Amino acid sequence: MEPTEKLKTISYSGIFLSCFSDYSEKCVHATPEHVLLYLYSGEQVIEDGDQTIIIKAGECAFIRRNHRLMMYKNSKGDELYKGISLTFSRPLLREFYNNLNKADIPQKISFSEKNVFKIEPRADITSLFQSLTPYFDENSRPSESVAHLKLKEGIYALLNNSDIFFPVLFDFTEPWKIDIMEFMNENYMDDLSIEQIAAYTGRSLATFKRDFQKISDLSPQKWLIRKRLEAAYFKLKEEGKKIQEVYVEVGFKNPSHFSTAFRKQYGFPPAEIRS
C-alpha cells in the first residue's frame, strides 16, 4: 500500500479488510451483527464505556452485535494498520445452528454479559485469517461459496475457543427496545441510516416509524436534519467555528446540502452568521 493512501476497506461477502497509512483513524463501531476481528499489523484500541481493550498484531477480538463502541485504528512505527473482520449474519448463524448436532451443544453454560471478548491467538484462529490474506494482497475475489466456508470456519473457531460462545452466537431473540429519543439525541451526528437506527433501538423499520410517530410530529429524517441544523447554528454563532468544520461535525456529507437545508430552516445562509 502506498504511503499516500488513506483508509481503504475491501469487502467480500461479509469479510472485510481495512488498511490505511495515517497514524490513527477514529471511528464508531455500530453493527447489528456479531464481528470477529483479527489484526495483522498496527494496533486497535476499543473503548467500551470505561473499559479499554487493546488489540495488537496477531491478536483477535469478538464484538457482540447491537453494541456501539469507539475504535482507534493506529499505525505502530513503520507498521500500517491492517485488520480483517468476519461478520456473522443471523441467517448464517441460523443455518449453522440448524446443521449442528444438538448433542454437541454443552449444557448449563452461563450467559456472559460482556460485549467485547479478547480471543487467545490459537492455531485455528491464526490459520483462518492467514488463509484470507492472499485474496486481499492479490486483489482476487473469493467465490461466494469460499467466503461462506471461511465464515463457518470462524464460527467453529469461536466455539472451539470457549463454550461461552454457544449462547452468544445462537441467541436469536430480538434485542430489547431502548428509548428512541435518548438514542437519537446521543447519536444524531453519526452517519446512520434510518434502518440502522431502527436496528440499534431494537425495532424493525416499520415498528420504529410507528413508535416515532407517537413522540414527534416530524419524520425521523426531518427530525435528524433539524437537530443537526440546531447544533450547527450553535457552533457557528456561539463557538465561532467555520462552516467547513461545522457541516462535517454535525453529520452533513457536503457543504451544498448543508447550506440549502440551513437556509430553508432559518431563512438565511449560514455565512450570514459569520458575517
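Please read these numbers as outputs of a predicted model, since none were measured by experiment.
Annotation for L128 and G154: closest pair CD2-CA, 3.5 Å, computed over non-hydrogen atoms. The minimum heavy-atom distance between I53 and K118, with the atom names listed, is CG2-CD, 4.4 Å. Shown here for S85 and V35, the closest heavy-atom pair between the two residues is CB-CG1, 3.7 Å. Closest non-hydrogen pair, S216 versus W223, comes out as OG-CD1, 3.9 Å. P220 and I194 get closest at one heavy-atom pair: CB-CD1, 3.8 Å. In terms of heavy atoms, A232 sits closest to V250 at N-CG1, 3.8 Å.
If you look at F117 and F165, their ring centroids are closer than 6.0 Å. Aromatic rings of Y40 and Y81 (six-membered ring for Trp) have centroids beyond the 6.0 Å cut-off, not under it. Residues F252 and F258 bring their aromatic ring centres within 6.0 Å.
Separation of atoms CZ (F212) and CE (M181) is listed at 4.0 Å; rounding is to 0.5 Å. The CD atom of E33 sits 8.0 Å away from the CG atom of L93 when rounded to the nearest 0.5 Å. Rounding to the nearest 0.5 Å places NE2 of H34 at 4.0 Å from CZ of R65. Note: R228 CZ to Y247 OH = 13.5 Å, rounded to the nearest 0.5 Å. With values rounded to the nearest 0.5 angstrom, K114 atom NZ is found 10.0 Å from R64 atom CZ. Interatomic distance, OG1 of T87 versus CD1 of I63, reported as 9.5 Å (0.5 Å rounding).
Between L36 and F129 there is a side-chain heavy-atom pair separated by less than 4.5 Å. With contacts defined as side-chain heavy-atom distances shorter than 4.5 Å, the pair I197/M184 qualifies. Q213 is not listed as a side-chain neighbour of K209, based on a closest heavy-atom distance of 4.5 Å or more. Inter-residue side-chain proximity for E230 and Y188 is flagged as unmet; no heavy-atom pair is nearer than 4.5 Å. Proximity of Y38 to I55: side-chain heavy atoms (C-beta onward) are nowhere separated by under 4.5 Å. Contact annotation: the side chain of I54 approaches that of E43 to within less than 4.5 Å [non-hydrogen atoms, C-beta and beyond]. The side-chain heavy atoms of Y233 and F262, taken from C-beta on, include a pair separated by under 4.5 Å.
Not a single donor-acceptor pair under 3.5 Å links the side chain of N187 to the backbone N or O of D190. A donor-acceptor pair under 3.5 Å is formed between the side chain of N160 and the backbone N or O of Y156. Side chain of T201 to main chain of A198: a donor-acceptor pair is present (N/O by atom type, distance under 3.5 Å, no hydrogens or angles). A donor-acceptor pair under 3.5 Å links the side-chain atoms of T133 to the main chain of Q130, judged by distance alone. Between the side chain of R94 and the main chain of L92, no donor-acceptor pair closer than 3.5 Å is present. Without hydrogens or angle criteria, Q196 side chain to S193 main chain gives a donor-acceptor distance under 3.5 Å. The backbone N or O of L236 lies less than 3.5 Å from no partner atom in the side chain of E238, so there is not a single donor-acceptor pair.
By the neighbour-count criterion of 12 heavy atoms within 6.0 Å, atom CG of N185 is densely surrounded, having more than that number from other residues, nucleotides or ligands. Counting non-hydrogen atoms of neighbouring residues, nucleotides and ligands closer than 6.0 angstrom, the CD atom of E239 exceeds 12 such neighbours. Remark: N101 CG is packed, more than 12 non-hydrogen atoms of other residues, nucleotides or ligands lying under 6.0 Å away.
A donor-acceptor contact closer than 3.5 angstrom is absent between the side chains of K76 and S41. For the residue pair H148 and E95, a side-chain donor N or O sits within less than 3.5 Å of a side-chain acceptor on the partner.
Put simply, L229 and F234 are part of two different groups of oily side chains (I, L, V, M, F, W, Y) that touch within less than 4.5 Å, one to the next. Under the 4.5 Å side-chain heavy-atom criterion for grouping Ile, Leu, Val, Met, Phe, Trp and Tyr, L205 is connected to L218 within one hydrophobic cluster. Under the 4.5 Å side-chain heavy-atom criterion for Ile, Leu, Val, Met, Phe, Trp and Tyr, I215 and F208 are members of the same hydrophobic cluster.
Here the rule is side chain to side chain contact (heavy atoms under 4.5 Å, CB included) with L86, and of L158, L132, I155, L37 only L132 fits it.
Between F88 and F62, the angle of the ring planes stays under 30°, which puts this pair in the parallel group of the 30/60° scheme.
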Exercise. Taking it one step at a time, do F170 and L100 satisfy side-chain contact (heavy atoms from CB on, under 4.5 Å)?
Worked result: CA-CA 11 Å; F170 306 129; L100 193 65; 4.1 Å; yes
Exercise. Given the rule in the side-chain contact (heavy atoms from CB on, under 4.5 Å) test, do R122 and N161 qualify, once you have shown the distances and angles that lead to the verdict?
Worked result: CA-CA 8 Å; R122 294 159 45 104; N161 182 274; 3.2 Å; yes
For this session: Take I15 and K150 through the side-chain contact (heavy atoms from CB on, under 4.5 Å) test and state the conclusion after the steps.
Result: CA-CA 9 Å; I15 303 173; K150 292 299 179 182; 4.1 Å; yes
For this session: Tell me, with the steps shown, if L39 and E59 meet side-chain contact (heavy atoms from CB on, under 4.5 Å).
Result: CA-CA 6 Å; L39 208 61; E59 295 183 337; 5.8 Å; no
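Partners of K56 under the side-chain hydrogen bond (donor to acceptor under 3.5 Å, both in side chains) rule, at least two apart in sequence or in another chain, do not exist in this structure. Contacts of K214 classified as salt bridge (Lys or Arg N to Asp or Glu O under 4.0 Å), with partners at least two apart in sequence or in another chain: D211.
Identified under the side-chain hydrogen bond (donor to acceptor under 3.5 Å, both in side chains) test for residues 251-271, with sequence neighbours left out: none.
A salt bridge links E249 with K241: the closest approach of a Lys/Arg side-chain nitrogen to an acidic carboxylate oxygen falls below 4.0 angstrom.
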